[in-house]
Amino acid sequence: MSQEEEDFVLLESSDGYTFVVSKKIAIASGTLKTMLDEEAAFEEAKNKTCKIQQRGVILLKVIEYLAYKVQYAEFNAEDIKEDFSDRIDPYIALELLTAADFLEA
C-alpha cells in the first residue's frame with residue numbers, strides 16, 4: 001500500500017460531527033484533494049483535518065458517495081448493478097446536490 005492509501009483524514013461538519021476517512025476516499029473530491037495537497041501548504045494538509053460547512057447527515061452521505069466512486073472507479077457503467085441514487089433520501093437531495101457541487105464530488 002502506498003502512504004496515501006494508509007493515511008486518514010478528519011472531516012468535520014458544521015454541526016460538530018467528525019468523520020475519520022481514508023485519504024484515498026477523501027481525495028476523490030476535487031475540493032478536498034486541493035485542501036489536502038501538501039504542496040499547496042494549506043492548514044488542512046498540515047492538520048489532516050477539513051472543516052466542511054455542511055450538516056453531518058449531508059457530509060456522511062457525501063463520504064458514502066466518495067467511497068462508492070472509489071470502489072467503482074475501474075468499472076464500466078454497464079457493469080455497475082447498484083445505482084447510488086437509490087440511497088438518497090428525497091428530503092436531503094437539494095442540500096446534498098449543493099454540497100456535492102462545492103466539494104466537486
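The model shown is predicted, which means the values in this text are computed figures rather than measured ones.
A donor-acceptor pair under 3.5 Å is formed between the side chain of K69 and the backbone N or O of A28.
For the side chain to side chain contact (heavy atoms under 4.5 Å, CB included) criterion with S29, the lone passing option out of L103, L11, V62, T34 is L103.
Across all non-hydrogen atoms, the minimal contact from M35 to F42 is O-CB, 3.6 Å. In this structure, E12 and L59 approach most closely via the heavy-atom pair C-CD2, 3.9 Å. Across I27 and K33, no two heavy atoms sit closer than the pair O-CB, 3.7 Å. In terms of heavy atoms, I25 sits closest to V70 at CA-CG2, 4.0 Å.
For Q53, the side-chain contact (heavy atoms from CB on, under 4.5 Å) partners at least two apart in sequence or on another chain are S14. The side-chain contact (heavy atoms from CB on, under 4.5 Å) check on D101 picks up nothing, with sequence neighbours excluded.
Atom OG1 of residue T31 and atom CD of residue E104 lie 4.0 Å apart, to the nearest 0.5 angstrom. Of the inter-residue distances, the one linking L96 atom CG with L60 atom CG reads 10.5 Å to the nearest 0.5 angstrom.
Within a 6.0 Å radius of CZ in F19, more than 12 heavy atoms belonging to other residues, nucleotides or ligands are found.
Looking only at side-chain heavy atoms (C-beta outward), C50 and V9 stay at 4.5 Å or farther from each other. Proximity of E44 to K51: side-chain heavy atoms (C-beta onward) are nowhere separated by under 4.5 Å.
Tracing side-chain contacts under 4.5 Å through hydrophobic residues (I, L, V, M, F, W, Y), one never reaches V57 starting from L97; they form parts of separate clusters.
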* Please report the C-alpha distance between I52 and L32 in whole Å, then the side-chain angles of each, then the deciding distance to 0.1 Å, and finally whether the side-chain contact (heavy atoms from CB on, under 4.5 Å) criterion is met. => CA-CA 10 Å; I52 310 298; L32 293 177; 3.7 Å; yes
